[in-house]
Amino acid sequence: MKFQLTLAARYLSGRKLRTFLTTLAIVIGVMIIFGMGIYLPSFMDAFNKSLLSASGQTDVMITLKTGEAFSASSTLNRIKRIKGIETIAGSLERTINLPPDFYGKDSPVSALTLTGVDPSVAPKLHDYRLTQGRFLERGDGKVAVISERLADEIGLHVDDTLKLPTPEGVVKLTIVGLVPGRTLIGNEQVLVTLTEAQKLFDMSGRISVIEANLTSQDEAERDAIINTIKTQLGDTYAFGGLTSGSEFAGAMQLGQVVFNMFGVFALAMGGFIIFNTFRTIVAERRNDIGMLRAVGASRKTILSLVLTEGLVQGIVGTAIGLGLGYLLGVAMIAGAGSITKSLMNIEMEVVVEPLLIVVSITLGVGVTLFASLLPAWNASRVTPMEVLRPSSGQVIQHISRLATIVGVVMIGMAIAGLLTGVFAFVALGGVMFLIGLVLVAPALVKPIANIFGALLAMIFARGGTSLLAEGNLTRQPARAAITASATMIGLAIIVGAGGMMFSTVGTVMDMFGKSMGSDFLLIPPSVAVWKGDVGASATLKARINAVPGVGVVSSLRYAQSTLPPSAQTGSKGETVVSVLGINPVEFPQISSMDFRQGNAQDAFNALAANDRNVIVNGILATAANLNVGDVIPLVTPTGIKNYRIVAIGGEVLSMKINTAYISQASMKSDFRKSEDIFYQVNLAPGADPSTVEQRLSKVVENYPQFRLVAGHDYTAEFRQQYNAIFGGFYVLLALLAFPSLIAILNTLAIGVIERTREIGMLRAIGATRRQVWKTIVAEALLLASLGTAFGIFAGLYLSYVFVQGMSASGIFKVAYTFPLAGVLAAIAVGLLFGVLAALLPARQAASMEIVQALRYE
Amino acid sequence: MSLIQAENLTKVYGTGNTAVVALDHVQLTVNPGDFVAVMGPSGCGKSTLLHLLGGLDRPTEGAVSIDGQALAAMSDDAVTELRRRKIGFVFQFFNLIPILTSIENASLPLLLDGKNAADIKQKAVELLTKVGLGQRLDSRPNQLSAGQQQRVAIARALITEPILVLADEPTGNLDTRSSDEIVDLLKQVAKAWGRAVVMVTHDPRIAAYADRIIFLKDGKIVNDAHLEAKRTDNAEMVSHMMRTIA
Ligand SMILES: Nc1ncnc2c1ncn2[C@@H]1O[C@H](COP(=O)(O)OP(=O)(O)OP(=O)(O)O)[C@@H](O)[C@H]1O
Ligand SMILES: [Mg+2]
C-alpha cells in the first residue's frame with residue numbers, strides 16, 4: 001500500500017496543473033454542498049430561535065396551534081381554577097412589521113413585538129427587572145414599557161412618546177419604564193396593558209398566549225396538571241410554544257431543495273470531470289501500466305494504484321472544499337445577515353451540523369472514488385503485450401457499438417417518458433437523456449466534426465491545420481466525445497436552468513400582471529409573509545371608497561391556520577395554511593386567479609353564499625391531496641371548522657405558500673379577524689390617476705404601515721426583485737459552468753501531452769510553431785462547437801422537461817418560454833471557453849522544444 | 001530438471017486470410033547456467049517466442065513450463081507472481097517509469113512484492129553500482145542516456161535474483177562499448193550466478209558471447225548451435241551461419 005501511495009504521489013506531483021484542475025472540480029462540488037449546508041440551516045436555526053424567543057420561561061405556555069389570538073373568556077376563565085396552578089395570565093402578543101424608516105432614516109428597527117400584559121399578574125410570571133421608571137399599572141392607557149435596546153436604537157427615554165402603527169392609524173404611547181433587552185434574539189419588546197393592546201388592535205376580549213406557573217416541581221404531578229388543562233381546552237391548542245411549522249419555513253424549504261439540487265449538480269459535474277481525467281490519465285499511462293504488469297504488478301495492484309490516486313485527490317479536494325465551503329457559508333451568512341436582520345430581525349450564527357460534515361466528506365470522497373472506479377478497472381485490464389509492441393502504441397479507437405445502442409435506447413426512453421406526462425417519468429427522462437447523449441456522442445463526433453471541419457477550413461484557410469485537427473478528433477472519437485460532453489453538460493445546465501428561469505419568470509410575471517393589475521395598491525411591509533403585518537380596520541376601506549374617482553376597492557385579510565394530521569395524505573404533522581379572506585364580489589372585479597379545478601364564477605359565488613366554502617391553491621392541493629368537493633377541517637380560534645373546497649386555484653400572492661381563500665365574512669365569524677392587510681384600488685371610469693393618487697395618499701397618511709403604489713410601478717419593482725433573486729442563481733450557474741471549462745482544458749492538455757512526440761515530429765519535418773498552435777486551437781474550437789451544439793440541445797430538452805414536470809406535478813402551471821438569451825449566452829460561453837481552454841495547451845504545444853518532444857515518453 | 005520447457009509452441013496472430021503464424025511448433029529446452037542467443041531475420045518470431053516464454057502472452061497451441069510450473073494451468077495472478085519473482089525482463093525499448101528515479105525503477109519488482117523499502121534500496125544501489133550507474137542513483141529516465149537507461153532496466157531485471165532473464169535486443173540502441181558491457185553483464189549472470197539468460201539480438205558480435213545460438217526462420221527453429229567459449233572466431237562463425245540460413 002505504501003508503494004501505491006508513493007506512486008500516486010509521484011504521478012500527482014508530476015502533473016501539477018492537471019492535479020490542480022481535477023482537484024478543483026472536487027473542491028467546487030464539496031464547497032457548494034458544504035457552504036449551502038452551513039448557510040441554510042443557520043438561517044433556519046436563527047429563524048426558529050427568533051420564534052422560540054417569544055416563549056418565556058414559564059412552566060406552561062399555551063397558544064392556539066395556528067398562533068392566532070383566541071377568546072380569553074372561553075379559555076383562561078375555564079382553566080384558571082384548575083388545582084395546581086400557582087399563577088396564570090393571558091397576554092396578547094403581536095409582531096408589528098414596521099414600514100421603512102418609521103423611526104427616522106436608517107433606523108435599524110424593522111419590527112417590534114407588542115405585548116399586552118396583565119400588569120398585576122405578569123410580574124409574577126416574568127422577572128422584568130426594571131432598569132428605569134416604573135412598570136405598567138392597572139388602568140394605564142397609552143403608556144408603554146419598552147426594552148432598553150429599543151430605546152437606544154430609536155433614541156428615546158422615559159417620558160418620551162413612542163409612535164406605533166395600528167389598524168386605527170398611528171398611536172402615540174408614553175414611555176414610563178425600561179426593561180433590559182431580551183437575552184434571546186427577537187424583535188424588540190413593547191409592553192402595554194392587556195386592555196390597551198386589545199383596544200389598539202381592535203381585539204377586545206382576546207389573547208394570544210396563556211402562561212402559567214405550577215405549584216409542584218414534581219414531574220409526574222406537573223404532567224397530570226398539564227393533562228387536565230389539555231382536556232379542558234381541546235386539541236386546537238399547543239403547549240410549550242409555537243408549533244414548528246410556519247408559512248415562512250415552508251417557503252425556505254423550497255429554497256433549500258433548490259440549493260441542494262445545485263450542490264448535487266456541482267458534485268456530479270465534479271465526478272464527471274474526475275472520471276474524464278482518470279480516463280485520460282489511464283490512456284496516457286498505458287505504457288507505464290503495461291510495463292508494471294510486465295515486471296510483475298498484478299491486476300489488483302494496478303487497480304489499487306489508480307484508486308489510491310483517486311482517493312488522495314478525493315481526500316485533499318474534500319478537505320479544501322470543506323475549508324472553502326465553510327468560508328462561503330460564513331460569507332453568505334455575513335452578507336445575507338444584514339439583509340435578514342433588517343427585513344426579519346433575525347440574527348444568524350454559524351452552525352455546522354456534524355451530519356453535514358459526514359455527508360460532505362462521504363459525497364466528496366465517494367464521488368471521486370466512484371468516478372475513478374471504471375478507469376481503474378480499465379487500467380487493470382491493460383496487458384503487457386499492448387505496450388511491448390511500440391508500433392501498436394496508438395491504435396485508432398473503436399466506437400463501442402453497444403454504448404451507442406444503449407445511448408439511443410436511453411434517449412428514446414427519455415422521450416417516451418416525456419410523452420407520458422407523469423412527473424416521475426419526465427424527471428427520470430431528463431437524467432436518461434443526458435446519459436444517453438454522453439453515450440451516443442462518440443458516434444456523432446465524426447460526422448459533426450466533418451461539418452465543422454469544413455467550416456473551420458474556411459476560417460483557417462491555409463496550412464492544413466484544420467485538416468489535422470479534424471483528423472485528430474475523428475481518430476480518437478471517444479476522447480473527443482468526452483471533452484465535448486464536459487462542455488455539453490456544463491452548457492446543458494446553463495441553458496436548462498436558463499429555460500426554467502425564463503419560463504418561471506415569464507409565468508410569474510404574467511400571473512402578477514393579472515393579480516396586481518389594479519391601478520393602485522396599498523402594500524404592507526411584508527408581502528406574502530403576512531404574519532407580522534399590521535393592517536387597518538374597516539374604517540380605512542370605507543374612507544378609500546369615499547375618495548372621489550375611486551371605482552372598486554378590494555381588500556385582503558389574513559389569518560393563520562393548520563390542517564390536522566391526515567391519513568389521506570399520510571402527513572404526520574400539521575400542515576400550516578395561510579388563510580386569505582377576500583370579498584367575493586369585489587375581488588374578481590380587480591384581480592383574477594388561475595383555476596386548475598372549478599371555475600371563477602362558481603367559486604366566487606360559492607364563497608359569497610356565506611357557507612364555509614374555500615378555494616385552495618395548487619401547492620396546498622398537491623401537498624394534502626385535495627380535490628374539489630373535499631371537506632377540510634381548518635383549525636380556527638373558535639375551534640375546528642369544516643370547509644368545503646369549491647375550486648383549486650391561486651394567484652401570485654399564494655405562489656409559494658399553502659393558501660386557502662375564504663370569504664371575509666367567514667373569516668370574521670370563524671377567525672374573528674376583520675383587519676385588512678392589503679388593498680387593491682381601481683379608478684372609476686374617466687378619473688384622473690394623479691388627482692386620485694394625491695387624494696389617496698392623504699387618506700393613508702395616518703397609516704404608515706401601508707405604501708401606496710401605482711400597479712404598474714409595483715409590477716416593475718417586483719420584476720426587479722425577482723430578477724435580483726435569480727441573479728443569485730446565475731452566480732451559481734457560473735460556478736457550475738466553471739468546472740466544465742476545467743474539463744475542456746484538461747482533456748485538451750492531455751491531448752497535447754499524448755501527442756508530444758507527434759508534435760515534435762511535425763516540428764522536425766517543418767511545421768512552424770504557428771501551425772502547431774493553430775492546429776490545437778482549431779481542435780479546441782471543434783470540440784467546443786460540438787459540445788455547445790449538444791449542450792444547447794440537451795439544455796432545451798431539460799428546461800422543457802422541467803416546465804412539463806412543474807405543470808404535471810400541479811404545484812403551479814408554467815408556460816414554456818424559449819430561452820433565447822440562454823441559448824445565445826451558451827453559444828458565447830461555449831466558444832469562449834473552448835478558445836480559452838485551448839490557449840494554454842496550444843502555447844505549450846507550440847513552444848515545445850523539438851528534441852525534448854522527441855525524447856518524451 | 002530443465003528451467004524452460006517449451007513444447008510445440010505455436011502462436012498465430014489474426015484469423016482466416018490475414019492469419020500470421022509467428023511461431024510454428026517450436027520445441028525448446030533451456031537449463032540453468034545457459035546463455036542462449038536467439039537470432040533470425042526481422043519478423044521471424046523472436047520477440048513472440050520471448051513473450052511466450054515469459055508468460056506475457058498465451059500461446060495458440062503448445063505449452064511452456066518454467067521451473068517445472070506449467071504456465072497454461074496458472075491464473076493471471078499466479079503468472080504475474082511468477083514473473084515478478086523468478087523472471088527478469090530487459091526490453092529493447094527501455095520502458096522505465098518516467099516519474100521514478102533509477103533506484104526506484106530498479107526496485108520496482110521488489111516494491112511490487114511488498115518488500116521493505118530500506119532493504120531494497122541497499123540492494124538497488126548495489127546493483128546499480130555494479131552496472132556502472134553508482135553516480136546516477138537519483139536521476140529520472142529522461143535525464144539518462146539510452147545506454148544508462150538500459151543499465152537501469154538490467155538492474156531491475158536482476159534485483160529479484162531471478163532464475164531466468166529474458167532480454168529482447170538489449171543492445172539494440174547502444175554503441176559498441178556499452179553493448180559489450182551490457183552483454184558481459186548478462187553473461188556473468190548466467191555463468192557466475194548460474195541463472196538462465198535468453199537474449200534476442202541481431203548482432204553476431206553480441207551473439208558470440210552466448211554459449212548457444214538458436215536460429216529462427218518463419219517461426220521455426222532452423223538451427224540450434226553450441227559455441228565454444230574458448231574460440232575467438234565465434235563472431236565470424238555466427239555471421240556465416242546467418243548468411244547460410246538467410
Ligand atoms: N499483435 C500482432 N498482430 C498481428 N501480427 C503480429 C502481431 N505481433 C507480431 N505479429 C507478427 O508476427 C510475426 C513475428 O513477430 P515478432 O515481433 O515476433 O518478430 P521479431 O522476430 O521479433 O522481429 P524483429 O526482429 O523485427 O523484432 C511478424 O510477422 C509480425 O508481423
Ligand atoms: Mg522483435
Side-chain angles (χ1 to χ4, degrees), chain A residues 1-16 18-19 281 284-305 308-309 380-393 753-754 756-757 760 849 851-857, chain B residues 11 13 47-48 50-52 54-58 75-101 104-117 120 140-146 149 153 156-157 159-160 162 166 168:
Chain A
M1 199 59 208
K2 190 160 163 282
F3 168 63
Q4 270 96 312
L5 272 175
T6 323
L7 261 188
R10 283 298 173 74
Y11 274 122
L12 289 172
S13 63
R15 300 261 186 269
K16 289 196 184 60
R18 157 124 36 98
T19 306
I281 280 177
E284 185 194 52
R285 286 198 209 135
R286 274 193 114 66
N287 279 309
D288 293 9
I289 294 167
M291 191 61 237
L292 283 168
R293 292 279 286 128
V295 300
S298 67
R299 292 201 162 141
K300 239 170 70 194
T301 309
I302 302 290
L303 190 78
S304 68
L305 184 64
T308 305
E309 219 175 304
S380 75
R381 300 288 113 176
V382 173
T383 67
M385 287 310 295
E386 279 176 58
V387 294
L388 289 179
R389 303 219 165 257
S391 56
S392 65
I753 292 166
E754 265 183 7
T756 303
R757 246 194 258 212
E849 290 302 323
V851 180
Q852 286 274 305
L854 289 174
R855 275 190 72 135
Y856 187 87
E857 346 194 16
Chain B
K11 180 77 189 180
Y13 288 109
S47 297
T48 307
L50 230 57
H51 294 157
L52 291 180
L56 291 174
D57 208 356
R58 303 241 169 193
S75 70
D76 181 83
D77 278 351
V79 175
T80 302
E81 192 184 303
L82 177 87
R83 270 207 305 274
R84 193 162 67 217
R85 301 217 166 128
K86 296 191 173 169
I87 306 178
F89 282 99
V90 183
F91 303 102
Q92 178 180 2
F93 298 95
F94 319 111
N95 289 307
L96 298 178
I97 305 289
I99 49 157
L100 299 179
T101 63
E104 287 161 338
N105 262 302
S107 321
L108 210 49
L110 289 181
L111 286 171
L112 287 169
D113 217 23
K115 293 274 173 353
N116 183 325
I120 300 173
R140 298 268 171 103
N142 61 356
Q143 299 164 327
L144 297 173
S145 77
Q149 289 183 47
R156 182 181 68 194
I159 198 155
T160 54
L166 300 171
D168 196 347

message = Taking side-chain hydrogen bond (donor to acceptor under 3.5 Å, both in side chains) as the definition, give me every residue that meets it alongside B:Glu104, ordered by chain and number, with sequence neighbours left out.
response = A:Arg10, B:Thr101
request  = Output the residues of residues 77-86 of chain B for which the shortest heavy-atom distance to chain A is under 4.5 Å, in residue-number order; output 'none' if no such residue exists.
outcome  = B:Asp77, B:Thr80, B:Arg83, B:Arg84
remark   = Rounded to the nearest 0.5 angstrom, the CZ-CG distance for A:Arg381 and B:Asp76 is 8.0 Å
message = Counting only non-hydrogen atoms closer than 4.5 Å, does A:Ser298 touch chain B with its backbone (N, CA, C, O), its side chain (CB onward), both, or neither?
response = both
message = For A:Val295, run the side-chain contact (heavy atoms from CB on, under 4.5 Å) check against B:Asn105, B:Ile87, B:Leu108 and tell me which one passes.
response = B:Leu108
Portion of B:Arg140 that has a non-hydrogen atom of chain A nearer than 4.5 angstrom = side chain
